[in-house]
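Just follow the structure's listing: the first ligand is 1, and inside any ligand the first atom is 1.
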Amino acid sequence: MKAATANEMREIDRIAINDYGIPGAVLMENAGVAVVRRLEVVVEPLIDRKFCILAGKGNNGGDGYVIARHLVNQGAKVKVFLLGEKTAVSGDARINLDIIDRMGIDVIEIINERDWDKVKLAATFADCLVDALLGTGFRGEISGDMARIIDIINAAGKLVVAVDIPSGVDADTGRICGTAVQAAHTVTFGSPKPGLFLYPGAEYTGELTVADIGIPTAVIARQNIKQNVIMASAVRDILPCRSPAAHKGMNGRLAVVAGSRGLSGAAAMTAEGALRAGAGLVTLAAPASLQDILAVKLTEVMTKPLPETATGGISQEAVPDIAGLSAASDVLAIGPGLGRHEETAAAVRAVIAAADCPLVIDADALNALVGYTDILSECNALPVLTPHPGEMARLTGLSSQAVNADRINIARQAAAEWGSIVVLKGARTVVAFPDGEVYINTTGNAGMATGGTGDALTGIIAGLIAQGLSSHDAAVAGVYIHGLAGDVAAQAGMVGMTATDLIKAVPAALYGIKSY
Ligand SMILES: NC(=O)C1=CN([C@@H]2O[C@H](COP(=O)(O)OP(=O)(O)OC[C@H]3O[C@@H](n4cnc5c(N)ncnc54)[C@H](O)[C@@H]3O)[C@@H](O)[C@H]2O)[C@@H](O)CC1
Ligand SMILES: [K+]
């Protein structure tokens, strides 16, 4: 599913109105009715229920007047508050404001101090508040009277339904622009907006409904929208079918280069993640002194001892061994638990520059690339990089707060600059490609904020590449499956679940998607 930015959505509306001749008032009618359909479900029955509609001066407010008309027709008691003067309302919003004026619906302009008391009182007695203050026309920050009315909505403790976007949420990034309406439900029009999925905006959105308001689908399809939301159906199509006559050699050979003294678990979880994602044969290459531990930890994984530094990380002498392994593998996953020894980092860079097969690069292999991202252009296939915000911050020189504040664009820029697929992990993982295409993942939960889940993801993505998926498809499907496995594991309790629980749940997640 595509997710349109505010600018893209405005252009879509414009084309629908100007090129297709759909009157703006018709789109507004459909938008308002879509919200009423949702209200019929969440405030049931509507008759005699009290609604307070908070309207801004633009078309988002216009949707609010349509909602008011339909609610009154259904027997609800409706008060409309307009933040400003009626004379400031124009166009389609004006048409609908005039209609409800003629219907005798109370429209109170919030102009002086006494009007604020009326809003507070109405909010106190309402069953539901409808946020029609700001939609895709919102720019800048929330301040002054707008902040004040949003505070009243949030303080009322009532069911809040947002029209198109919770006011104050940046439609493109999910940033809270000063303050924002905390909605329980949001009905968005035509196409969802990225900011409704990305945190913190997603938390203010509540349950999201995407409503068709009659815009021809071709208008949206022709926009070349590059933001996507990963859907189960798309992952189902991506995943390979497994022949009933399959043997292990048909499901790919995968090599993992991971681990160092004290960090054997990361290596083991990466290898296990790959196996659980369906890889045929997995070889874990790790420092020789970890052999005994890994042999105990892992049953199905083959191990390859590598020369190591005095501190127990892989050494430069390991490079030819790994090169040989990569030549015999369909994919190489490198990084988890390697440690940050400079010799190890240099060995990692040599491996990345020389690898013959597709790469999944994570953790300490990403740290090894700080200041050396130019070597990524030497990779034969598009490498997949899986940084968390901290690693991304180190790679880009930004703070992790800055990375999280604009996840889509930061990932997109990095993917273009490095000629790589960038999987920016965290709540709502974003997968970005060098051509600007991005995918937002919605599976997963806060229980996954625990050590080792990132190693599992690296293994899962590599495991899918081993089975013949392109790095592109493996990254998109991998983050979805990883999050879904987290959701499956969380059914036994979210807090306290471990990466191992997630890894064990991968087959169930795959079964849920593909029934195999
Ligand atoms: N014809 C269309 O384009 C359609 C628009 N629709 C609705 O209209 C919305 C877009 O309408 P508009 O483009 O009129 O814009 P909005 O109604 O989203 O916002 C514009 C108003 O907000 C004010 N504003 C902007 N930034 C502000 C800030 N930081 N602080 C305080 N006030 C601020 C502007 O001065 C203006 O009065 C959509 O989100 C959707 O709800 C729907 O009715 C469907 C059809
Ligand atoms: K709104």
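- Contacts with ligand 1 closer than 4.0 Å are made by backbone heavy atoms (N, CA, C, O) of Glu141 only, the side chain lying farther away.
- Protein heavy atom at the shortest distance from atom 8 (O) of ligand 1 is Asn59 CB, 3.0 Å.
- In terms of protein heavy-atom proximity, atom 31 (C) of ligand 1 is closest to Met146 CE, 4.0 Å.
- The existence of a salt bridge linking Asp172 and Lys193 is excluded, since no basic side-chain nitrogen approaches an acidic carboxylate oxygen closer than 4.0 Å.
- Listed by atom number, the atoms of ligand 1 under 4.0 Å from Leu27 heavy atoms are 45 (C).
- Between Glu141 and Arg175 a salt bridge is recorded (basic side-chain N to carboxylate O distance below 4.0 Å).
- Contacts with ligand 1 closer than 4.0 Å are made by side-chain heavy atoms of Ile213 only, the backbone lying farther away.
- Ranking the protein heavy atoms by distance from atom 1 (N) of ligand 1 puts Ile17 CD1, 3.4 Å first.
- The protein heavy-atom contact nearest to atom 17 (O) of ligand 1 is Asn60 N, 3.0 Å.
- With distances taken over non-hydrogen atoms, the option nearest atom 29 (N) of ligand 1 out of Arg139, Met9, Lys193 is Arg139.
- Crowding of Phe125 atom CZ: a count of heavy atoms from other residues, nucleotides or ligands under 6.0 Å not exceeding 12.
- Shortest contact from atom 24 (N) of ligand 1 to any protein heavy atom: Leu134 CD2, 3.6 Å.
- Nearest protein heavy-atom contact of atom 18 (O) of ligand 1 is Gly135 N, 2.5 Å.
- Asp164 lies apart from the K ion (ligand 2) in this respect, since none of its N, O or S atoms is found at a distance under 3.4 Å.
- In Asp164, the part holding a heavy atom less than 4.0 Å from any atom of ligand 1 is the side chain.
- With salt bridges taken as basic N to acidic carboxylate O contacts below 4.0 Å, one links Asp115 and Lys118.
- Taking backbone and side-chain atoms together, Gly135 has no N/O/S atom less than 3.4 Å away from the K ion (ligand 2).
- Among Gly137, Gly91, Ala34, the residue whose heavy atom lies nearest to atom 13 (O) of ligand 1 is Gly137.
- The closest protein non-hydrogen atom to atom 20 (C) of ligand 1 is Gly58 CA, 4.1 Å.
- Residues passing the salt bridge (charged side-chain N to carboxylate O under 4.0 Å, His left out) test with Asp19, sequence neighbours excluded: none.
- Not a single donor-acceptor pair under 3.5 Å links the side chain of Thr209 to the backbone N or O of Val187.
- Contact annotation: Thr186 places no N, O or S atom under 3.4 Å from the K ion (ligand 2).
- Residue-ligand proximity, Met28 to ligand 1, at heavy-atom distances under 4.0 Å covers atoms 43 (O).
- Of the possible donor and acceptor atoms, one in the side chain of Gln227 sits under 3.5 Å from a partner among the backbone N and O of Ala3.
- For atom 3 (O) of ligand 1, the nearest non-hydrogen atom of the protein is Asp13 OD2, 3.2 Å.
- Asp406 places no side-chain N or O within 3.5 Å of a backbone atom of Ala402 that could act as its donor or acceptor partner.
- There is no side-chain donor-acceptor pair under 3.5 Å between Asp487 and Thr443.
- Within a 4.0 Å radius of atom 39 (O) of ligand 1, the protein has at least one heavy atom.
- Put simply, the angle at the K ion (ligand 2) from O in Asp131 to OG in Ser167 is close to 100°, to the nearest 10°.
- Salt bridge present: Arg148 and Glu113 bring a charged side-chain N and a carboxylate O closer than 4.0 Å.
- Formation of a donor-acceptor pair under 3.5 Å by the Lys514 side chain with backbone atoms of Cys241 is not found in this model.
- Among the atoms of Leu134, an N, O or S atom falls under 3.4 Å of the K ion (ligand 2).
- Distances from atom 33 (C) of ligand 1 to the protein include at least one heavy-atom value under 4.0 Å.
- Atoms of ligand 1 found under 4.0 Å from any heavy atom of Phe138, numbered from 1 in the order shown, are 18 (O), 25 (C), 26 (N), 27 (C), 28 (C), 29 (N).
- Atom numbering of ligand 1 starts at 1 in the shown order; those under 4.0 Å from a heavy atom of Lys57 are 37 (O).
- For NZ of Lys50, the number of neighbouring non-hydrogen atoms (other residues, nucleotides, ligands) closer than 6.0 Å is 12 at most.
- Note on Lys226 versus Glu8: no salt bridge recorded, every NZ/NE/NH1/NH2 to OD/OE distance being 4.0 Å or above.
- When Val163, Leu83, Val119 are each tested for a side-chain contact (heavy atoms from CB on, under 4.5 Å) with Leu54, only one passes: Val119.
- Residue side and main chain included, Val163 places an N/O/S atom under 3.4 Å of the K ion (ligand 2).
- Contacts of Tyr199 classified as ring pair (Phe, Tyr, Trp, His ring centres under 6.0 Å), with partners at least two apart in sequence or in another chain: none.
- For Asp63, every heavy-atom contact with ligand 1 shorter than 4.0 Å involves the side chain, none the backbone.
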